Amino acid sequence: MAIEAARLSPSLAAAAFLARRPPPALFPFSLRRRLPLLRTLASSSGGDGRVVALSSSELRKRRGLSSSSGAAGSATAGDEKLRSLRLLFGRPDVGIDAYIVPSQDAHQSEFIAECFMRRAYLTGFTGSAGTAVVTKDKAALWTDGRYFLQAEKELSHEWTLMRSGNHGVPTTSEWLNDVLPSGCRVGIDPFLFSFDAAEELKYSISNKNHELVLVGGMNLVDEIWGEARPKAPEKSTRVHDIKYAGIDVPSKLSFIRSQLAENGCDALVISMLDEIAWLLNMRGSDVPNSPVFYGYLIVEVSTATLFVDSNKVSEDVLEHLEKAGVKLKPYETIVSEVERLAEKGAKVWLDSSSVNAAIVSAFKSSCDRQMKKKGKVGKKVGEKEASSDEPTTRGPGVEDGALNAVFNVSPVTLAKSVKNEAEIEGMKNSHLRDAAALAEFWCWLEDEVCKNIPRTEVQVAEKLLEFRKRQDGFIETSFDTISGYGANGSIIHYRPTPENCSSVGRDNLFLLDSGAQYIDGTTDITRTVHFGEPSPRQKECFTRVLQGHIALDQAVFPERTPGFVLDVLARSSLWKIGLDYRHGTGHGVGAALNVHEGPQSISYRYGNLTALQKGMIVSNEPGYYEDNSFGIRIENLLLIKELNLANSFGGISYLGFEKLTFVPIQSKLIDTSILSPSEINWVNDYHEEVWEKVSPLLSGDSRDWLWKNTRPLLDVTQ
């Protein structure tokens, strides 16, 4: 599944649209990076060459698109939501001039429970990434290149679409500084912004003397949502068996405590849901597509406390936690517990890229109170020397004496990303079962299309789900299936609906990006096919995407190499004819956890310095998208492994990739005249391996389909 290329930290989605200056040498924060300007390229009607942002309705008009029924039908409701939200601005306990609504929950999650989909409720835009900003007379939404076309269709005329990655578009803070008069108050819900994101926003809007207001006690979107807001998830958690987890909870907690000792800390606050699930060998169902549950975790030198709704903890889970020395407290008491840590003088490890601003602010306030009791007044968070004008985000390992805290990346992040033997085995096994389901599916769909039986994109996605449900250990999809035929395939994160989708036919390309959560692993795969005769243009584009996929798959690189170094391999063939794609080439994947996982990535953005390491899993998914015409993407998951080479220059290890995904790549879309002999050999070797690994799991028509679609390329041309 393609993701935005700049995903470098857990809080990126919340912070991705906040302006900041290039980091000074004083703060060597590896997670900080200069973010792209975000403005729609459109000449003003006056012909003066200015670059301006257009409303979504104007964008649709210029593209010759009418508003979709969903956007048109929600326009009146959307207007009422904006009016209701703006009325709250003037309340005495609020008193703001603008309000920012990100996509995230209090844990900086990518996928969130329906009750936390505030940005989607307010704007009508259903993409997974975006930030809405509402002033007293304007409303704008920022999103990245995966969602441009989708946003144009879904936003009402009240909203202006800001296109991330396009030259000249202002960031949210630049836009606020431009449209608001000096000295305004900008409000946020502090639970929805990481501490880093809130501090950098505070700094960037201070250029116009604006004040960042942490609106506590309520979320303004929740206020207007009212009783119609969905209920919070209540499903039970479960134990993740040790045969899949590989390492028991006491051992994982012992590792964390060793990290606390090395860093001179007394406690670690963990808020990322997948980190909590991994560390405690637990799984849940609170979030769609991700086997996680809502909670916080505090690990201290001799205790560990899970903050979770006790109704979600069954007897077997409670016994599992008690054996590991983990006690329970109510979810909503996390803030008071952090304040308790400050009161007793504990030095706390905080990952400021993921822990929300509400928690850090509460810890800060409690520290200040303690210092006042001692007759001292601590320096406030963000307070600098008079000569300094830099933002206050701290770098890795930076201590704040006044706060009695260490700001550093969570030690769980890297540990979770490097899979152990049991996790690797589970990923390999689940991928083979998933491959069998996909072979059965593609056999079925090809037959349906050849018989001219109409099947919509939604029906196709539902049928794929049926095949996956037949596999042992299937739990749910790992993200909403992207089923895009023809022009819909050019929408990178297209999601069809029964009311507005196309039928899959023989006249254009069909892109299917899907994945599953199994008890032992997580899958993510994209294939692009044509059931008729592809055009020369489509074949050339597909083949060049394939060449990029092959180049990355065959990469050999020294240890400590960050992912951005490899990104050029996937794009080079497209660049040779002036083409490219607007998303990252690879993302990390969890083991029976989140389909998108950090800290590793393969992208064209050079800010993520995380080294690719043995045991990490990444996706390999170059693509090409021709607006309003077709989309192409080829995606496999890869395990990073150490290679046994003849040499070891500098005494270091060299790494490469091992394929986890085994599903045929459609041969009829390949222009073999473009491929080199070694690239043809790669395709043939891959298909031979697909047949050897997957055919034992199949029978009948699906096995015959697999045989036909794994024949060597030279046989196809005869």
Side-chain angles (χ1 to χ4, degrees), residues 8-11 28-31 107-108 194-196 240 245-282 295-307 321 324-327 334 337-338 340-342 344-356 359-360 363 393-401 403-420 423 559-560 588 590-591 593-594 597-600 608-616:
L8 307 182
S9 73
S11 65
F29 192 14
S30 66
L31 297 180
H107 304 268
Q108 306 303 303
S194 71
F195 177 63
D196 282 357
H240 188 55
I247 303 174
D248 61 28
V249 179
S251 298
K252 291 180 178 180
L253 289 175
S254 178
F255 164 74
I256 296 302
R257 288 171 178 140
S258 70
Q259 295 297 299
L260 288 174
E262 288 182 17
N263 287 271
C265 293
D266 303 301
L268 168 69
V269 177
I270 305 173
S271 65
M272 294 295 292
L273 303 184
D274 62 332
E275 293 188 2
I276 297 170
W278 180 86
L279 188 57
L280 298 181
N281 288 349
M282 289 174 60
Y296 294 95
L297 181 65
I298 295 180
V299 180
E300 299 179 67
V301 174
S302 58
T303 65
T305 306
L306 174 63
F307 300 81
L321 292 172
V326 180
K327 60 184 179 179
I334 180 63
E337 188 68 12
V338 168
R340 181 192 65 81
L341 290 173
K344 74 175 189 178
K347 178 172 284 188
V348 178
W349 184 332
L350 296 166
D351 185 341
S352 54
S353 74
S354 61
V355 176
N356 63 58
I359 290 176
V360 179
F363 184 68
T393 304
R394 306 307 176 98
V398 173
E399 294 190 28
D400 190 313
L403 271 182
N404 203 25
V406 171
F407 292 90
N408 205 346
V409 176
S410 167
V412 181
T413 302
L414 185 60
K416 175 173 57 65
S417 71
V418 178
K419 278 53 179 178
N420 60 52
E423 291 173 323
E559 61 181 341
R560 298 191 294 273
L593 264 176
N594 289 357
E597 174 181 88
Q600 73 275 21
N608 187 355
L609 301 179
T610 302
L612 299 178
Q613 296 186 31
K614 174 185 175 182
M616 286 181 171

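Position 1 is the first residue of the sequence, and the numbers go up from there. Computed from a predicted structure; not experimentally measured.
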If you compare all heavy atoms of [X] against all heavy atoms of [Y], which two are closest, and at what distance to 0.1 Å?
X: Leu341; Y: Ala267; value: CD1-CB, 4.1 Å
X: Leu612; Y: Met616; value: CA-SD, 4.0 Å
X: Asn608; Y: Pro599; value: ND2-O, 2.8 Å

Residue pair Gln259, Val412: steps toward the side chain to side chain contact (heavy atoms under 4.5 Å, CB included) verdict: CA-CA 10 Å; Gln259 295 297 299; Val412 181; over 6 Å; no
Side chains of Ser417 and Glu597: donor-acceptor distance under 3.5 Å anywhere? no
For Asp196 and Ser353, does a side-chain donor sit closer than 3.5 Å to a side-chain acceptor?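 No, no side-chain donor-acceptor contact under 3.5 Å.
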Quickly, which of Leu297, Asn356, Ile359 forms a side-chain contact (heavy atoms from CB on, under 4.5 Å) with Ile334? Name it, please. Ile359
Report yes or no: does [X] contribute a side-chain atom to a donor-acceptor pair with the main-chain N or O of [Y] at less than 3.5 Å?
X: Asn281; Y: His240; result: no
X: Asn404; Y: Gly345; result: yes
X: Ser258; Y: Phe255; result: yes
X: Asp351; Y: Ile270; result: no

Can you tell me how far [atom2] of [Y] sits from [atom1] of [X], rounded to the nearest 0.5 angstrom?
X: Trp278; Y: Thr413; atom1: CH2; atom2: OG1; answer: 10.0 Å
X: Leu414; Y: Gln613; atom1: CG; atom2: CD; answer: 5.0 Å
X: Lys252; Y: Arg257; atom1: NZ; atom2: CZ; answer: 14.0 Å
X: Asn263; Y: Trp349; atom1: CG; atom2: CH2; answer: 4.0 Å
X: Leu253; Y: Leu279; atom1: CG; atom2: CG; answer: 5.0 Å
X: Leu260; Y: Lys347; atom1: CG; atom2: NZ; answer: 12.0 Å

Might you work through the side chain to side chain contact (heavy atoms under 4.5 Å, CB included) test for Met282 and Leu306, ending with a clear yes or no? CA-CA 11 Å; Met282 289 174 60; Leu306 174 63; 4.3 Å; yes
Parallel, tilted or perpendicular: rings of His107 and Tyr296 (30°, 60°): tilted
Under-4.0 Å salt bridge between Glu337 and Lys327: no
Going through the distances and angles, do Lys416 and Leu593 end up as a side chain to side chain contact (heavy atoms under 4.5 Å, CB included)? CA-CA 10 Å; Lys416 175 173 57 65; Leu593 264 176; 3.9 Å; yes
I would like to know whether Leu321 and Leu280 meet side chain to side chain contact (heavy atoms under 4.5 Å, CB included); could you show each step before the answer? CA-CA 8 Å; Leu321 292 172; Leu280 298 181; 4.2 Å; yes
